[in-house]
Amino acid sequence: MMKQTDNSKFPRYDKLITDARVHSSLYTNEKVFEDELNKIFRMGWVFVCHDSEIPNAGDFVRRNVGREPVFAIRSRDGEISVIVNRCAHRGNIICQEEKGNRKALVCQYHGWAYDTKGALVDVPYPGGFKGDFSCHGLERLPLVDSYQGFVFASFNENAPPLLDHLGRATELIDRAVEMSPVGRIRLSGGWVHHQLNCNWKMLPENDTDGYHVNFVHPSFAQAIRSNYDEAVLDDEESLKSLSKDWGNGHTELFFSPSYKRPLEWFGCAEDRHPAYTKALLAAYGEEKGGRILRDGPPHAVIFPNLFLGEMNIVRFEPVAPGVCLHVHTPMYLEGVEDDVNKRILRQSEGALGPTAFLLADDCVIAERAQNALQGKGRWLDLSRGAEREVVADDGVISSHLTDETPNRGFWRHYRSVMYPGAPTSGVSAVA
């Protein structure tokens, strides 16, 4: 059984987070940040990689879990391990490259050698080493699991099962992979890293905030015909898209109700990619295939660090209270013609690339917010649309696209993780 958390040692998150507002110190305080690294990124489940990135025995990719350097590697029996990227001898980095293939992992400092599951198998000049090899392996994360190819890991051997963490949000991941007629995606396009001088929580907040589009991204709407036109151009009463809280901190902007025809989410008509249309209908049937073609991919955050950004996959990485990384790659589809994946790449470059329309705007806004929150603490309002939320039979909460339903869902779950035992709703605001 897990040891009971002594909340008296930590900030009173039940006082800093209410149903209507959050305190600005949650974005700037060093103690809060260090507590997050432990409770969220060490004790909980974190997205690490997709299994398509390491398809062969010995393939590895470097990642960070919080600030812990790790790598995910596939062994000869097909098992994927997530291993701390630190030699058990003197702590040097084992895997230097961002990705590669190794039959054995050898530290470049003193030559200690490990197998692909982290076990120590050889040391140079063994006469001076009297230890037991089995006691000097690399540190492996005790929990590694996957869903639809998305690999998650945790340092906490007592964490609940991954499916409990994902909850109803498995549907969001299912919708992403079902964009492929064979139900498989491929992350082979390379990852683009952007450093933002803001708190990491601003990234999941912003990515499922439907209120800012009209004001932060007007140039995007003026320059490009896109699936965001409804959110930018329509008045409040005519908006059909929704904001959603899926529980467990997972959130979504549900754009599908605004699409009037198949492939509108792809910025084109269905006759632009007839082979893709035919393949989806053949794979899923007329009803479901037609729905996929019309509804498009999800625009959703999986707590804490995975963003299903329609045809992009994004990782959020905390670095310091006021620094984080936004890391993205195009979500290629298996079982489609090359022109479909080429279009996905071009859209990814236009939305999130170094000279893109969307991410640059969001970076500026987030960094301005971080600067404004320095100094004396302030309360930030989260109340928009609380009175018009609708709870479905499955517990998913929906509201108007511009309502702060996703932000409230994120912070409710955050509060329950950071301050176990705190109520999940009905907390009164404090001065």
A.B. asks: So, Tyr13 and Asp35: side-chain donor and acceptor under 3.5 Å apart, yes or no?
C.D. replies: yes
A.B. asks: Might you work through the side-chain contact (heavy atoms from CB on, under 4.5 Å) test for Met202 and Leu373, ending with a clear yes or no?
C.D. replies: CA-CA 12 Å; Met202 291 184 181; Leu373 297 181; 3.9 Å; yes
A.B. asks: Does the ring center of Trp45 lie less than 6.0 Å from the ring center of Tyr147?
C.D. replies: no
A.B. asks: Which atom names give the shortest non-hydrogen contact between Ser154 and Gly44, and what distance separates them?
C.D. replies: OG-O, 3.0 Å
A.B. asks: Could Glu97 and Arg102 be called an ion pair, given the rule that one side-chain N must be under 4.0 Å from one carboxylate O?
C.D. replies: yes
A.B. asks: Thr402 side chain to Gly210 main-chain N or O, any donor-acceptor pair under 3.5 Å?
C.D. replies: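 Such a contact is absent between Thr402 side chain and Gly210 backbone.
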A.B. asks: Quick check: does any side chain N or O of Trp246 sit under 3.5 Å from a backbone N or O of Ile397, one acting as donor and the other as acceptor?
C.D. replies: no
A.B. asks: Under 30°, 30 to 60°, or over 60°: which ring-plane class applies to Phe71 and Phe60, parallel, tilted or perpendicular?
C.D. replies: perpendicular
A.B. asks: Could you go through Glu349 and Arg346, starting from their C-alpha distance and side-chain angles, then the distance that decides it, and tell me whether this counts as salt bridge (Lys or Arg N to Asp or Glu O under 4.0 Å)?
C.D. replies: CA-CA 5 Å; Glu349 292 170 340; Arg346 297 286 89 84; 2.8 Å; yes
A.B. asks: When you measure from the side chain of Glu367 to the backbone of Asn197, do you find a donor-acceptor pair of N or O atoms at a distance under 3.5 Å?
C.D. replies: yes
A.B. asks: Taking side chain as C-beta onward, heavy atoms only, is Glu178 less than 4.5 Å from Lys288?
C.D. replies: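 Heavy-atom side-chain distance check passes, below 4.5 Å.
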A.B. asks: Which of parallel (below 30°), tilted (30 to 60°) and perpendicular (above 60°) describes Phe410 and Tyr414?
C.D. replies: parallel
A.B. asks: With respect to Lys117, which candidate in Asp77, Leu138, Leu105 satisfies the side-chain contact (heavy atoms from CB on, under 4.5 Å) definition?
C.D. replies: Asp77
A.B. asks: Salt-bridge test for Asp338 and Arg343: reply yes if a basic N is under 4.0 Å from a carboxylate O, no otherwise.
C.D. replies: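 No.
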A.B. asks: Would you say Asn85's side chain and Val70's backbone share a donor-acceptor pair under 3.5 angstrom?
C.D. replies: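 Not at all, since once roles are kept as given, no pair shorter than 3.5 Å links the two residues.
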A.B. asks: Evaluate the side-chain proximity of Pro297 to Trp265: yes if any heavy-atom separation is below 4.5 Å, no if none is.
C.D. replies: yes
A.B. asks: Hey, which of Arg12, Lys39, Lys15 is the one that makes side-chain hydrogen bond (donor to acceptor under 3.5 Å, both in side chains) with Tyr419?
C.D. replies: Arg12
A.B. asks: Answer yes or no for Arg272 and Phe266: cation-pi contact, defined as NZ/CZ to six-membered ring centre under 6.0 Å and angle to ring axis within 45°.
C.D. replies: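 No cation-pi geometry.
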A.B. asks: Would you mind checking if Glu53 and Arg63 are paired as a salt bridge, meaning a charged N to carboxylate O distance below 4.0 Å?
C.D. replies: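 Salt bridge between Arg63 and Glu53, a charged N being under 4.0 Å from a carboxylate O: yes.
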A.B. asks: Going through the checks in order, is the side-chain contact (heavy atoms from CB on, under 4.5 Å) test met by Val327 and Val192?
C.D. replies: CA-CA 5 Å; Val327 191; Val192 179; over 6 Å; no
A.B. asks: Can the ring centroids of His89 and Tyr109 be said to lie less than 6.0 angstrom from one another?
C.D. replies: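 No, too far apart.
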A.B. asks: Measure across Leu187 and Met331 and return the closest heavy-atom pair with its distance rounded to 0.1 Å.
C.D. replies: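 Heavy atoms of Leu187 and Met331 come nearest at CD2-CA, 4.1 Å.
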A.B. asks: Establish, from distance only, whether the side-chain atoms of Thr251 and Thr208 form a donor-acceptor pair under 3.5 Å.
C.D. replies: yes
A.B. asks: Taking Lys201 for the side chain and Leu26 for the main chain, is one N or O donor matched with an acceptor at less than 3.5 Å?
C.D. replies: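 Yes.
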A.B. asks: Any side-chain heavy atom of Val336 sitting closer than 4.5 Å to one from Asn341?
C.D. replies: yes
A.B. asks: If the test is ring-ring contact (aromatic ring centres under 6.0 Å, His included), which one of Phe307, Phe41, Phe316 qualifies with Trp200?
C.D. replies: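 Among Phe307, Phe41, Phe316, the one that satisfies the ring-ring contact (aromatic ring centres under 6.0 Å, His included) with Trp200 is Phe41.
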A.B. asks: Between atom CD1 of Ile17 and atom CG of Asp14, what is the distance when rounded to the nearest 0.5 Å?
C.D. replies: 8.5 Å
A.B. asks: Do the side chains of Leu345 and Gln347 get nearer than 4.5 Å, heavy atoms only?
C.D. replies: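 With C-beta onward as the side chain, the pair stays apart.
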A.B. asks: Taking the basic N atoms (NZ, or NE/NH1/NH2) and the acidic carboxylate oxygens, is any pair closer than 4.0 Å for Lys244 and Glu171?
C.D. replies: no
A.B. asks: What's the spacing between Glu317 CD and Arg67 CZ if we round to 0.5 Å?
C.D. replies: 12.5 Å
A.B. asks: I'd like to know if Glu79 pairs up with Arg74 as an ion pair, taking the criterion as any Lys NZ or Arg NE/NH1/NH2 lying under 4.0 Å from an Asp or Glu carboxylate oxygen.
C.D. replies: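 The answer is no: the pair does not qualify as a salt bridge.
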A.B. asks: Would you say the ring centroid of Phe150 lies under 6.0 angstrom from that of His50?
C.D. replies: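 Yes: the rings meet the under 6.0 Å criterion.
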A.B. asks: Are a donor atom and an acceptor atom from the side chains of Asp403 and Thr405 found within less than 3.5 Å of each other?
C.D. replies: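 There is no such pair between these side chains.
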A.B. asks: Using side-chain heavy atoms (C-beta onward) and a distance below 4.5 Å, is Val22 in contact with Leu16?
C.D. replies: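 No. Closest side-chain heavy atoms not under 4.5 Å.
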A.B. asks: Distance-only, no hydrogens or angles: does the Asn64 side chain make a donor-acceptor pair with backbone N or O of Gly66 under 3.5 Å?
C.D. replies: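 A pair under 3.5 Å: no.
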A.B. asks: Taking the side chain as C-beta and beyond, is there a heavy-atom pair between Tyr332 and Ser188 under 4.5 Å?
C.D. replies: yes
A.B. asks: Where do Gln148 and Asp174 land on the side-chain hydrogen bond (donor to acceptor under 3.5 Å, both in side chains) test, with the steps shown first?
C.D. replies: CA-CA 7 Å; Gln148 293 278 33; Asp174 291 342; 2.9 Å; yes
A.B. asks: Leu143 and Asn156: side-chain contact (heavy atoms from CB on, under 4.5 Å), yes or no, with the steps?
C.D. replies: CA-CA 7 Å; Leu143 291 186; Asn156 178 15; 5.7 Å; no
A.B. asks: Less than 3.5 Å apart, any donor N or O on the side chain of Ser24 or Arg378 sitting next to an acceptor on the other?
C.D. replies: no
A.B. asks: Any chance you could measure Leu280, atom CG, to Leu293, atom CG, to the nearest 0.5 Å?
C.D. replies: 5.0 Å
A.B. asks: Apply side-chain contact (heavy atoms from CB on, under 4.5 Å) to Cys198 and Cys324, showing your working.
C.D. replies: CA-CA 6 Å; Cys198 69; Cys324 64; 3.8 Å; yes
A.B. asks: Do the side chains of Leu306 and Val314 get nearer than 4.5 Å, heavy atoms only?
C.D. replies: no
A.B. asks: Say you draw a straight line from CG of Leu325 to NE2 of His193; how long is it, rounded to the nearest 0.5 Å?
C.D. replies: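 Going from CG on Leu325 over to NE2 on His193, the span is 6.5 Å.
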A.B. asks: Go through the side-chain N and O atoms of Glu205 and Trp411 and say whether any donor and acceptor fall under 3.5 Å apart.
C.D. replies: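 Yes, side-chain donor-acceptor contact under 3.5 Å.
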A.B. asks: Does the side chain of His299 come within less than 4.5 Å of Leu308's, by heavy atoms?
C.D. replies: no
A.B. asks: Any salt bridge between Arg412 and Asp245, counting N to O under 4.0 Å?
C.D. replies: yes
A.B. asks: Between the side chain of Gln374 and the main-chain N/O of Gln370, is any donor-acceptor distance below 3.5 Å?
C.D. replies: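 Confirmed, Gln374 side chain pairs with Gln370 backbone.
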A.B. asks: How long is the span from the OG1 atom in Thr18 to the NE2 atom in His23, to the nearest 0.5 Å?
C.D. replies: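 Interatomic distance, Thr18 OG1 to His23 NE2, rounded to 0.5 Å: 11.5 Å.
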A.B. asks: Would you call the rings of His413 and His165 parallel, tilted or perpendicular, where under 30° means parallel and over 60° means perpendicular?
C.D. replies: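 Because their plane-to-plane angle lies in the 30° to 60° range, the rings of His413 and His165 count as tilted.
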A.B. asks: Provide the closest heavy-atom pair for Cys49 versus Ile54 in the form atom of the first, atom of the second, distance.
C.D. replies: SG-CD1, 4.3 Å
A.B. asks: Would you check if the side chain of Asn101 reaches a backbone N or O of Ala57 as a donor-acceptor pair within less than 3.5 Å?
C.D. replies: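 It does hold such a pair.
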A.B. asks: Measure from NZ or CZ of Arg90 to the centre of the six-membered ring of Trp112 and say whether it is under 6.0 Å with the direction within 45° of the ring axis.
C.D. replies: no
A.B. asks: Short question: side chain of His194, backbone of Cys363 - any donor-acceptor pair under 3.5 Å?
C.D. replies: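 No, because the side chain of His194 does not come within donor-acceptor range (under 3.5 Å) of the backbone of Cys363.
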A.B. asks: In Å, rounded to the nearest 0.5 Å, how long is the span from CZ of Arg184 to CG of Asp51?
C.D. replies: 4.5 Å
A.B. asks: Judged by atom type as modelled, is there a donor-acceptor pair below 3.5 Å linking the side chain of Glu334 to the main-chain atoms of Arg186?
C.D. replies: no
A.B. asks: So does Asp295 pair up with Arg175, basic N to acidic O under 4.0 Å?
C.D. replies: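 No, Asp295 and Arg175 are not salt-bridged.
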